[in-house]
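FYI, the numbering just counts along the sequence from 1.
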Amino acid sequence: QLQLVESGGGLVQPGGSLRLSCIGSALASGYYAVGWFRQAPGKEREGVSCISATGHTTNTADSVKGRFTISRDNAANTVYLQMHNVKPEDTAFYYCAARFDYGPGNVCYDVESEYTYWGQGTQVTVSS
């Protein structure tokens, strides 16, 4: 059973930077694709970014493209979401999710239904 723990959230000023971490003991296996999602109050949960099990394929939502970068360090059992130039509209509860990925491991999954394991989330608040 894969358990995921997010960290790195908090209060940050507009234009600032923040790095979220998603840690799971089994991520070092290299067999888990990971996605970051977020949900703001009163809004649907949306995909932010995803990374394939190999780390060779990534995707980011248009709303964060050029500002957020996903990466992984399997040896550290960690997937990161580096956030730069954050905006108030980035305020949300951020979740990481993972799925065991058979095959070549080069698929990046954008939708919630693809994922089996979810972390508890971490709050990101962008405010001056």
Peer 1: Look up atom CD in Q120 and atom OG in S7, then write down how far apart they are to the nearest 0.5 Å.
Peer 2: 13.5 Å
Peer 1: Can you confirm whether S71 sits close enough to Y80 that some side-chain heavy atom of one is under 4.5 Å from a side-chain heavy atom of the other?
Peer 2: yes
Peer 1: Going by distance alone, is a donor N or O of one side chain under 3.5 Å from an acceptor N or O of the other, for T125 and S127?
Peer 2: no
Peer 1: For N77 and S25, which heavy atoms make the closest approach, and how far apart are they?
Peer 2: OD1-O, 3.0 Å
Peer 1: Using a 6.0 Å cut-off, check whether atom CD of E89 has over 12 heavy atoms from anything other than its own residue.
Peer 2: yes
Peer 1: For the residue pair W118 and F37, does the interplanar ring angle fall in the parallel (under 30°), tilted (30 to 60°) or perpendicular (over 60°) class?
Peer 2: tilted
Peer 1: Assess the side chains of Y94 and R38: does a donor N or O sit below 3.5 Å from an acceptor N or O?
Peer 2: yes
Peer 1: Can you tell me how far the CG atom of D101 sits from the CD atom of E114, to the nearest 0.5 Å?
Peer 2: 9.5 Å
Peer 1: Should V34 and V5 be counted in the same cluster of Ile, Leu, Val, Met, Phe, Trp and Tyr side chains packed under 4.5 Å apart?
Peer 2: no
Peer 1: Can you confirm whether R67 sits close enough to D90 that some side-chain heavy atom of one is under 4.5 Å from a side-chain heavy atom of the other?
Peer 2: yes
Peer 1: If you look at every heavy atom in H84 and Q82, which pair is closest and at what distance?
Peer 2: NE2-CG, 3.3 Å
Peer 1: Please tell me if the side chains of V107 and S52 come closer than 4.5 Å, counting only heavy atoms from C-beta onward.
Peer 2: no
Peer 1: Between atom CG of D110 and atom OG of S49, what is the distance when rounded to the nearest 0.5 Å?
Peer 2: 8.5 Å
Peer 1: Name the orientation class of the two ring planes belonging to F100 and Y32 (parallel below 30°, tilted from 30 to 60°, perpendicular beyond 60°).
Peer 2: perpendicular
Peer 1: Taking atom OH of Y117 as the centre, report whether more than 12 heavy atoms of other residues, nucleotides or ligands fall under 6.0 Å from it.
Peer 2: yes
Peer 1: Report yes if the side chains of T91 and Q123 come closer than 4.5 Å at any heavy-atom pair, otherwise no.
Peer 2: yes
Peer 1: At what distance, to the nearest 0.5 angstrom, does CZ of F68 lie from CG of N85?
Peer 2: 9.0 Å
Peer 1: Closest heavy-atom contact between R72 and A53?
Peer 2: NH1-CA, 3.4 Å
Peer 1: Which atom names give the shortest non-hydrogen contact between I23 and L27, and what distance separates them?
Peer 2: C-CD1, 4.4 Å
Peer 1: Would you check if V79 and W36 make a side-chain contact, meaning some heavy-atom pair closer than 4.5 Å?
Peer 2: yes
Peer 1: Show the nearest heavy-atom pair for residues A92 and A40, with the distance to one decimal.
Peer 2: CB-N, 3.9 Å
Peer 1: Would the number of heavy atoms belonging to other residues, nucleotides or ligands and lying under 6.0 Å from CD of Q3 be above 12?
Peer 2: no
Peer 1: Could you measure the distance from the CG atom of L18 to the OG1 atom of T122? Nearest 0.5 Å is fine.
Peer 2: 8.0 Å
Peer 1: Kindly indicate whether the side chain of I70, heavy atoms from C-beta on, has any atom under 4.5 Å from the side chain of N59.
Peer 2: no
Peer 1: When you compare the side chain of M83 with that of L20, does any pair of heavy atoms fall below 4.5 Å?
Peer 2: yes
